[in-house]
Amino acid sequence: MGSRRCVIAVTRIAVPKAKVRLSADHLRGRWIVRTNEGAPNFRLVQAPESAPDDRRRWKTLVPGREQATLEGFALFQRGIAIEERVEADRRVRLYSGGRWQTVAGAPATTVSLDEPRDPRAAHLRFTITSLVRPTETWDHHLASGARTLRKRQPVPHYDATLYRSERFWAPARDGARVPVTLAWRPDRARFDGQSPLLLIGYGAYGSSYDPTFSANRPSLMDRGFIVALAHVRGGAELGEGWYEAGRLMHKWNTFHDFVDVAEALVRQQRAAPDKLFASGGSAGGLLMGVVANVAPQRFAGIAADVPFVDALTTMLDETIPLTVNEWTQWGDPREKAAHDYILSYSPYDNIRAQDYPAMLVTTGLWDSQVQYFEPVKYVAKLRALKTDANPLLLHVNMDAGHGGASGRFEMLAEIAREYAFFIDLAARR
C-alpha cells in the first residue's frame, strides 16, 4: 500500500472518540489494530485493507479480558507477538502456526517486547529483568523456538545468585488484593520479623511500577534490608480498572493500599515493626505525605522526593502550566465535591500536632512540575506543628529539576543520601 493510502487508512480507523485509544500496523494486506473500544484492557483485531474503519468487519484476534491487559504488539511474516500484563507481570506471547505460545514471563519479572525493525526478521527480540536480575536481551527464533542471549547488563561485582525476589499479595481493607514485589539477600535478611524493610510506592497516572533491576539497591540488601514495591491502586498493574480505582474520587484507595501493605508485611513478619521505612517521589511523594499524616506510627522513616504535597493550592492555580491537565487525575477543585475530596487528603492541609516519623524531604530549585516552594512550605509547617524530636531534613538541590541531579555521580550522591538516611535510622533501633 502506498504511503498516501496508508495515511488515509490510519486516519479512517483513528477517528477521534472520547476515551478511545488505538494503535495500528499494516502487513500483507491487512490492518492489525489494538484498541480499547469495548475492551477497557484493550483487544487486538484484524481489519480489512479495503475498509479498515468498518467495525462490523473487524475480526477479533485477542479479546478484551478483565484479568489481562494488552500493552503492545508486533507483526512478523511468521506471526504476531503481543506484550500483555497478567497478575501485575508483563509477558510476551507469540501467535504462529495457528496457536499461541508464551515466549517469556514469570512472577515478579518484567518482560518487554522490542519493536521489530523488519517484519521479515527470523527472530523476535525481548528483554527480561527483575529486582535482582540485570536486564537481558534475548532473541527467540520464530521457526524453531531456540533462544539466544544477546546481551546482559554488566554490573561489576554483582552476583545474582546471592539474591531472591518474589511476589506477595497483601489484603486491602476493602477486600482487594494488592501485589507487592519483594527482593532480599537470604544470608543477610529473613522473614522473621527482625529485618528492616524499605517500601516504595507511586500509584498515579496509570503508571505501573514494574520490578526492574537497579544496580543501587543491592547496597541496601547487602546491609540486611528487604526492598519492596507496593503496586497500589492508581497504577495499572492489574489493568485499567486498577488505575481508575485510584484516581479522582477514589484516590483514597491509593493511600489505604499502601498502609494496608505495610500492616501485612509486619503481620507476616516480612518486616520488623520498628524498622519499616517508606519512599516515594512526585505523586509518590504525595503518597508519602498522606501516609505520614494518617499512619505516622507505622513507619520509622519516610523519604519524600520532589513531593506533590500542596495538592489543593496547586490544583486551584490555573496559571501553573500543568494544573488544568492534572484535573483529569485529581479532580477540578472549582467543583465543591472535588475540592472537598482533595482537601481531605492534601498533605499540607492535613498536618496536625502529632508525632511524625523521621523524614527526609528533597526538591529542586528548577522543578517545573512540583515547584520547590511546595515541599519547602510543607517542611516549615511540619516543623511548627509536629510534637516529636525525630529528624526532619530538607534538601534543596539548587541546580536540579523534577528528575533530580543530572550526571552519573551527582545522581548517585542523591541516592546515597537517601540510603544513608535509612541505614542510619535502622542502626539506631
Problem - For Glu240, side-chain hydrogen bond (donor to acceptor under 3.5 Å, both in side chains) partners two or more places apart - result: Arg21
Exercise for the section: Indicate, with yes or no, if the rings of Phe422 and Phe277 have centres closer together than 6.0 Å. Expected result: yes
Practice task
Report yes or no: does Thr314 contribute a side-chain atom to a donor-acceptor pair with the main-chain N or O of Asp310 at less than 3.5 Å?
Solution key: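 Checking the backbone N and O of Asp310 against the side chain of Thr314, a donor-acceptor pair under 3.5 Å is found.
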Practice task
Can you see which heavy atom on Pro211 is nearest to which on Leu229, and at what distance?
Solution key: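 Distance-wise, the nearest heavy atoms are CA-CD1, 3.9 Å.
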Exercise for the section: Indicate yes or no: does Asp54 engage Arg56 in a salt bridge with an N to O separation below 4.0 Å. Expected result: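 Judged by the 4.0 Å cut-off on N to carboxylate O distance, Asp54 and Arg56 do form a salt bridge.
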Practice task
Given ring-ring contact (aromatic ring centres under 6.0 Å, His included), test Phe255 with Tyr345 step by step and report yes or no.
Solution key: CA-CA 9 Å; Phe255 315 131; Tyr345 64 75; 5.2 Å; yes
Completion exercise
Test side chain to side chain contact (heavy atoms under 4.5 Å, CB included), reference Leu61, set Ile32, Val45, Val33, output is Ile32
Exercise for the section: Could you tell me whether Arg85 and Asp210 have a side-chain N and a carboxylate O separated by less than 4.0 Å? Expected result: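 So Arg85 pairs with Asp210 through a salt bridge.
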Exercise for the section: Would you please indicate yes or no on a ring centroid separation below 6.0 angstrom for Tyr341 and Trp330? Expected result: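 No; Tyr341 has its ring centre 6.0 Å or more from that of Trp330.
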Problem - Salt bridge flag under 4.0 Å for residues Asp257 and Arg177 - result: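 No, this pair does not count.
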Could you go through residues 283-291 and list every donor-acceptor pair under 3.5 Å that involves a side-chain atom there, pairing it with any protein atom two or more places apart or in another chain?
none

Handout entry: Counterpart residues, side-chain hydrogen bond (donor to acceptor under 3.5 Å, both in side chains), relative to Glu166 (two or more places apart)
Key =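 By the side-chain hydrogen bond (donor to acceptor under 3.5 Å, both in side chains) rule, Glu166 matches Arg270.
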Exercise for the section: Look at Arg91 together with Glu84 and state whether they make a salt bridge at an N to O cut-off of under 4.0 Å. Expected result: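 Yes, Arg91 and Glu84 are salt-bridged.
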Practice task
For the pair Glu37 and Arg55, find out whether any cationic side-chain nitrogen is under 4.0 Å from an anionic carboxylate oxygen.
Solution key: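 Salt bridge flag = yes for Arg55 with Glu37.
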